2 protein chains.
Amino acid sequence: MSPPAASSLAAGPVPTRLNGMTSSLHHRAIENLGTRIIAGELPAGHVMLAEQLEDELKVSRSVIREAVRVLQSLGLVETTKRVGIRVLPPSRWNPFDPQVIRWRLASDARGAQLRSLAELRAAVEPAAAELAAQNAPAPLRLELVDVAYAMRDAGLNGEVPRFLDLDIQFHSLLLSGSGNEMFANLMGQVAETLTGRTVHGLMPDHPNEAALQWHVDVAEAIARGDAAAAREGSDRILRRTMARMADTWTEQPRVFIPVRR
Amino acid sequence: MSPPAASSLAAGPVPTRLNGMTSSLHHRAIENLGTRIIAGELPAGHVMLAEQLEDELKVSRSVIREAVRVLQSLGLVETTKRVGIRVLPPSRWNPFDPQVIRWRLASDARGAQLRSLAELRAAVEPAAAELAAQNAPAPLRLELVDVAYAMRDAGLNGEVPRFLDLDIQFHSLLLSGSGNEMFANLMGQVAETLTGRTVHGLMPDHPNEAALQWHVDVAEAIARGDAAAAREGSDRILRRTMARMADTWTEQPRVFIPVRR
DNA sequence: TGACACCGATGTGTGCAGACATCAAAACTC
DNA sequence: GAGTTTTGATGTCTGCACACATCGGTGTCA
């Protein structure tokens with residue numbers, strides 16, 4: 001009785017795994033709806049019925065209900081009795097949620113999302129460098145210096161994969177060393193953007209020599225506790241990065257979220 | 001049949017409403033578990049069983065399951081078959097989620113949370129000011145100037161509640177004007193910290209005159225599109241704010257989240 | 001006759017209870 | 001120690017009862 005002839009969520013006959021993530025029905029329902037909402041396929045104000053979703057996704061009520069609850073906590077939908085499940089406008093979405101970010105990166109708004117992340121990173125990393133210079137534990141400072149030098153060598157030798165690895169590690173250590181868990185949490189997003197940049201061929205085989213040296217400078221400033229120098233160096237790196245990436249998101253429309261009063 | 005004699009989640013016999021938020025069983029279960037996990041009452045690694053939670057909270061399986069699913073999406077717990085529901089360490093929590101922030105503000109880590117938010121704000125607002133000077137729509141610029149002057153007047157006259165309102169409005173407009181939805185999303189948290197600061201008597205009756213003028217300067221710099229001046233002015237305001245709040249979180253332990261490799 | 005307040009019908013989410021399916025940890029066998 | 005079986009928890013499905021927001025009909029009053 002249980003298995004329907006065709007299931008729109010069942011990609012394979014066997015519940016497969018992807019990227020180590022659980023591929024439960026619940027998870028797939030979230031993915032399906034989240035993707036479609038953020039892509040604009042299900043526009044703000046659109047009302048769905050739980051029963052209709054069960055039907056459409058060929059899953060039971062419990063799966064739909066659990067998925068809707070999660071989407072609700074992300075600000076993607078709201079539920080009202082006698083009405084149904086209403087899609088909320090983008091201004092209600094939680095822009096910091098990793099899933100929302102991932103879905104936006106997979107949508108037409110990819111450029112805008114990359115810009116938002118880059119701007120956030122450009123704002124945060126210099127502050128993190130300053131804090132790291134003041135607070136980071138000694139072993140982390142030493143590791144940061146090591147990584148910076150290794151990164152410079154890899155960059156000069158054109159070892160692209162190794163360079164990317166070290167680059168991600170450098171910026172992760174920096175954010176982690178700030179001792180601010182919100183800053184540290186941006187590691188994941190930073191890694192994703194750096195990786196994406198390389199994969200999309202936006203990185204030259206031999207990174208700019210000056211930029212490589214700036215990384216070393218930042219690491220050493222943090223190591224000796226020079227907060228101002230760490231901040232300045234980090235700011236220099238990120239202004240250059242922003243300048244080089246700016247044309248990626250040229251003319252992406254900006255969204256101004258109204259102030260709620 | 002349905003209503004048990006005593007329900008540990010049922011504050012009132014009738015499903016009441018609080019702050020306009022739905023007070024469904026589901027919501028109360030999330031609140032109960034989220035609070036206890038973040039307070040450390042349910043430590044990382046602690047394993048619970050769904051059945052045990054049904055029993056403890058006196059609710060049905062579906063309520064527990066939906067709550068657990070939401071907590072899972074926040075990174076507070078993970079579920080494993082044959083094991084149960086395991087509480088995750090703080091490094092796995094999503095530090096940007098509004099609920100997580102609220103629970104942390106209500107816990108012993110309140111000081112650390114306030115510091116994190118303040119540092120984030122100090123990093124973001126100058127960047128937002130810079131972006132607002134470049135991108136904000138004209139009406140928003142005009143409103144910002146109006147609010148800045150009104151805020152200065154209210155501050156000079158010692159109209160504390162009005163000043164707080166305008167202060168929140170000023171910083172909200174600034175963040176909104178950046179055209180970065182992540183920055184704009186910080187409005188809520190900023191409002192909370194500003195309100196909390198006033199409520200806790202950390203604000204003098206008459207705000208510093210220079211600081212009031214700095215707000216006007218920032219608004220006018222944004223109005224005329226002077227990005228550098230907007231950034232510097234905003235940076236000045238926030239450095240002063242940070243300096244004045246620093247002793248609030250003296251000696252709050254910093255947490256260094258390890259870099260995952 | 002028209003406008004308005006009341007009130008019951010209706011439909012939808014919410015919550016409950018029980019069953020079976022699935023799968024990984026743990027125990028067991030060789 | 002490797003492979004197999006057992007076991008016990010979550011995952012999924014289903015039927016039912018209830019709460020309650022919305023809608024539309026009915027009655028009252030001007």
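Proteins get letters first, then strands, A, B, ... in listed order; numbering begins at 1 in each. This one's a predicted model, so the numbers in the text were calculated from it and none came from an experiment.
- Closest to the side chain of Leu49(A), out of dT14(C), dT12(C), dT10(D), is dT12(C).
- Residue His26(B) has its side chain nearest to dG15(C) when only dG15(C), dT10(D), dT12(D) are considered.
- Residue Arg69(B) is classed as a sugar-phosphate contact, given heavy-atom separations below 4.0 Å to backbone atoms only.
- Separating the NZ atom of Lys58(A) from the P atom of dT14(D) is a distance of 13 Å, rounded to the nearest angstrom.
- If you measure from atom CD of Gln72(B) to atom C1' of dT10(D), you get 11 Å, rounded to the nearest angstrom.
- Straight-line distance from the CG atom of Leu25(B) to the C1' atom of dT14(C): 8 Å, rounded to whole Å.
- With hydrogens and angles disregarded, no donor-acceptor distance shorter than 3.5 Å links the side chain of Arg69(B) to the backbone of Val70(A).
- We find that CD of Glu78(B) is positioned 14 Å from C1' of dA25(C), with the value rounded to whole Å.
- One atom, CE of Met48(B), and another, C1' of dT10(D), lie 14 Å apart when rounded to the nearest Å.
- When the nucleotides dA25(C), dT10(D), dG13(C) are ranked by their closest atom to the side chain of Val83(B), dA25(C) comes out on top.
- For Val59(A), the listed nucleotide lying nearest its side chain is dC13(D); candidates were dC13(D), dT12(D), dG13(C).
- Separating the CD atom of Glu54(A) from the P atom of dT14(C) is a distance of 13 Å, rounded to the nearest angstrom.
- dT10(D) atom C1' lies 14 Å from atom CD of Gln52(B), rounded to whole Å.
- When the side-chain nitrogen and oxygen atoms of Arg65(B) are compared with OP1 and OP2 of dG11(D), one or more of them lie within a distance under 4.0 Å.
- For Lys81(B), counting side-chain heavy atoms from C-beta on, the closest listed nucleotide (dC23(C), dT12(D), dA17(C)) is dC23(C).
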Note to self: Quick one, Trp249(A) with Arg110(A), criterion side-chain contact (heavy atoms from CB on, under 4.5 Å). Give me CA distance, side-chain angles, the key distance, then yes/no.
What the structure shows: CA-CA 9 Å; Trp249(A) 46 67; Arg110(A) 176 181 174 78; over 6 Å; no
Checklist line | Evaluation steps, side-chain contact (heavy atoms from CB on, under 4.5 Å), between Arg254(A) and Arg115(A) | finding: CA-CA 10 Å; Arg254(A) 284 201 181 259; Arg115(A) 181 181 58 200; 3.5 Å; yes
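- Asn32(B) and Arg28(B) share no side-chain donor-acceptor pair at under 3.5 Å.
- A donor-acceptor contact under 3.5 Å is not formed by the side chain of Arg61(B) with the base of dG15(C).
- Taking atom CD1 of Ile64(A) as the reference point, atom C1' of dT14(C) lies 16 Å away to the nearest angstrom.
- Taking only side-chain atoms of Ser60(B), from C-beta outward, the nucleotide of dC13(D), dA17(C), dT14(C) with the closest atom is dA17(C).
- Surrounding CD of Glu51(A) are at most 12 heavy atoms belonging to other residues, nucleotides or ligands under 6.0 Å away.
- The residue among Glu66(A) and Thr80(A) whose nearest nucleotide of DNA chain D lies closer to the 5′ end is Glu66(A).
- Base contact: Ser62(A) has a heavy atom under 4.0 Å from a base atom.
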